[in-house]
Amino acid sequence: MITGEKMTGGPEPDSLDVMSVLELLAQGAPTARFEELLRAARREEASDEVLSKLDQAVRLASRVQALIGHAQQREAGLAALIDTAHDLTLVHGMDALLHEIARRARRLLNFDMAYIGLRDADGEGRASSIRTAEGETTSRSVGLKTPEDSGLGSLVQRSGAPAWSPDYLADRDIPHSPDIDAVVRAEGLHAILAVPLGYGTRVFGTLYGADRKVRHFTPDEISLTRSLGNLAGVAIERARLLEDARAEVTELELDTSRARNSLTVQRRVEAAYIRLIDLVLSGCDPQSLAEAAVKELSGALVVRDCVGRTVVVTGTPPELAEDDVLRWTYDAHAAGCPVLMSEGGWVAPVTAGGENLGAILLVPDEPLTDGFGVRLLQLTARAVALILLLERTSTVAHDQIRDELLAELLSEIRPQSGQMIPRARRLGIAIDEPHVMVVARPEGGPEGRAAAWASSYAHRMSGLMRFRDGCVTLLLPGEDPLAAATAVAGELTPLVGHPVTIGAAGPVSGPGRVAQAHREALNCLEALTELSNLGGVATPQQMGFLGVLLSETHGVGDYVESVIGPVLDYDAQRFTELTRTLDAYFASSSSPTRAASDLHVHPNTVSRRLDRIAELLGADWQNPERALEIQLALRLHRTRRTLQHRYATAGAVRDTRDPAPRGPVRFHKGQAES
């Protein structure tokens, strides 16, 4: 300790140690206070050892402060994304929406200028035009044509990934264009960041952020802008669907004026569709929309998602063969319009931007003959696609926060339960209650389908998910990892059409053990791969003695108990020698006669003991796999008894049934583990 006079506004001089640094860190003190602590220690002529430890503690505290600041900055960015997702749903016109996106992009990362380019609808749609700009100083930006082979936008359109430059005009790695360079020079821009705008796998535009000074963008800034681009792409697609809907209404009006003989039908379709669109814009859910549509169509209506699961049911539809429904659904998507089923029902595709969002099945009370029902069914499918897209807009930001939470739980940095548990509960995740970890790897099939299923499954089960390197990671509520893994395999395998290899572990409670369960599940998955058991399911408890090697919690004691525990209990309670008889039986190559000779008892005694062992362990205890497990457990038990003899001289406490110390005895690296 250091003694001397007190520091003004700091801790007592005699407490200038590592605890002083922790106290300042807990108080949220500025960096200068830590440096003041070091200077005070030097003034008090502290020993070199104390100064070295104090200096190391101050450096670590600075790193902790930096990590906290980084986390707060990311949290602020995600909060801004959530606000943006909400605000974008309130803007319906395309021009107003583009202006709002540019304004948000400029504010999100403090850009000097933000602008948006969209692919032209005419021709092949190769070139793009700048549709809106925020923070511009000239009139040359909006309307600028950007060719497909020049500028950052061309790199983004080809790769579908962000592109950036700290000083655009001086960057020779970018394909330049005289027109683009002239506008960049006129605006005085230097640093430019471009991210894709798209929906699904289709990229239809670029979002740009620019500064009038040289700026090196950080990975967090690029990621945040990319997230905004994802939100903006969904919002733009939604606006296009709304414009298409309005165009449909206008087309209905024109058709009505041109076809006097169908005036009544067209007006009915128009009025019904307007009512459905009004419901969508008022924020209704798919169930309410389907109920409103059935009032107009009269019958039973079913809404199914992209993987064939029923989302909404109204009325009482008849039983239909699943294979037939799938065939008609594929026909409807191929035709892009409702198709008639052989049972008199109709199937209409639900699509957005070329993406399959599902289908609508209608079984009318009476055949649709006047054109009204078929047309309204088609428009109802559009309205359902629109409402699903609106729901996805807000879900994107919410999923990003859930992904951040799981990433922190799986990181090597030990999470703080006091902060993590409330955050998880706000997302509906009771992380302090038992959860299991499931890591599933499809052995083929489209990865996008597996990722979409995992996101939906995690929401349904009130869990968390991550899709990386072809593997689905799921943290799910429950206490039975094998049951959870089996349920995942039952849904994911038929979806991808290939075997799914799954490792699972748990249960665990609290944030601190999630990373451990994840490592155990990965170990099980790798063990199945090494054993060429693709498509299998495994947990550490299920894998027998391999589970002892794979698990960080399932030790030798647990393994011995699970294999021969009933025999050990029987011996301890009745002072019998079933365990010794098992040893002799296996040592004599499973010969009761030789075992009786080694034990110096009558062969009938050995037979009766073996019958008792069969009652305790099950009739299949001599099957090859069970016999191997039992022999390994007996050997581990004998080894622990030998170790117990060593510990006895040190006064170790013993179990009355099993004299060995509880739990596995771990040796240093390079030695065996008992």
Side-chain angles (χ1 to χ4, degrees), residues 81 84-85 88 94-95 97-102 104-105 108-109 111 114-133 141-165 168 173-175 177 180 192-210 217 219 221-244 306 351-357 385-386 388-389 392-393 395-397 399-400 446-449 451-452 455 467:
L81 278 179
T84 300
L88 292 184
M94 180 64 75
D95 292 337
L97 177 62
L98 295 177
H99 182 76
E100 179 65 17
I101 293 170
R104 286 282 183 168
L108 187 63
L109 289 174
F111 290 125
Y115 50 103
I116 295 175
L118 297 181
R119 282 188 172 182
D120 295 336
D122 56 340
E124 295 294 325
R126 297 287 185 179
S128 300
S129 300
I130 303 301
R131 291 283 300 271
T132 189
S141 301
V142 178
L144 173 68
K145 293 283 187 178
T146 57
E148 63 173 320
D149 56 355
S150 302
L152 286 174
S154 66
L155 301 179
V156 171
Q157 296 291 320
R158 285 199 297 269
S159 66
W164 62 92
S165 173
Y168 181 86
D173 294 331
I174 299 173
S177 161
I180 298 176
I192 302 178
L193 168 63
V195 298
L197 295 175
Y199 184 76
T201 59
R202 184 169 61 93
V203 177
F204 50 73
T206 308
L207 171 63
Y208 301 87
F217 299 104
E221 291 174 332
I222 296 170
S223 176
L224 196 58
T225 308
R226 177 64 185 270
S227 297
L228 176 60
N230 292 338
L231 290 174
V234 175
I236 291 172
E237 185 66 21
R238 173 187 62 88
R240 285 179 171 173
L241 282 175
L242 283 173
E243 288 187 348
D244 290 343
C306 60
T351 59
E355 179 184 1
N356 175 11
L357 298 179
L386 180 58
L388 294 177
L389 199 59
R392 186 179 296 182
T393 303
T395 301
V396 168
D399 284 346
Q400 289 173 343
E447 289 190 353
R449 182 176 294 179
S455 177
F467 187 84

How close do [X] and [Y] get, heavy atom to heavy atom, and via which atoms?
X    : Y    : value
V156 : A194 : CG2-O, 3.7 Å
R131 : L98  : CB-CD1, 3.8 Å
T225 : E221 : OG1-O, 2.8 Å
I192 : A210 : CG1-CB, 4.0 Å
A133 : H99  : O-ND1, 4.5 Å
G151 : I180 : CA-CD1, 4.1 Å

Taking atom [atom1] of [X] and atom [atom2] of [Y], what is their separation to the nearest 0.5 Å?
X    : Y    : atom1 : atom2 : result
R119 : L197 : CZ    : CG    : 11.5 Å
W164 : L152 : CH2   : CG    : 10.5 Å
I116 : I130 : CD1   : CD1   : 9.0 Å
L193 : S165 : CG    : OG    : 10.5 Å
L118 : S128 : CG    : OG    : 7.5 Å

ask   = Is S223 reaching over with its side chain to a backbone N or O of P219, donor-acceptor style, under 3.5 angstrom?
value =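 Answer holds: no.
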
request  = Verify side chain to side chain contact (heavy atoms under 4.5 Å, CB included) between L97 and I101, making sure each step is shown before the conclusion.
outcome  = CA-CA 6 Å; L97 177 62; I101 293 170; 4.0 Å; yes

query = side chain to side chain contact (heavy atoms under 4.5 Å, CB included) between F217 and L109: does it pass, once the steps are laid out?
reply = CA-CA 10 Å; F217 299 104; L109 289 174; over 6 Å; no

task = With the side chain counted from C-beta on, respond yes when S177 and D149 share a heavy-atom pair under 4.5 Å apart, and no when they do not.
result =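 Sidechains of D149 and S177: no contact.
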
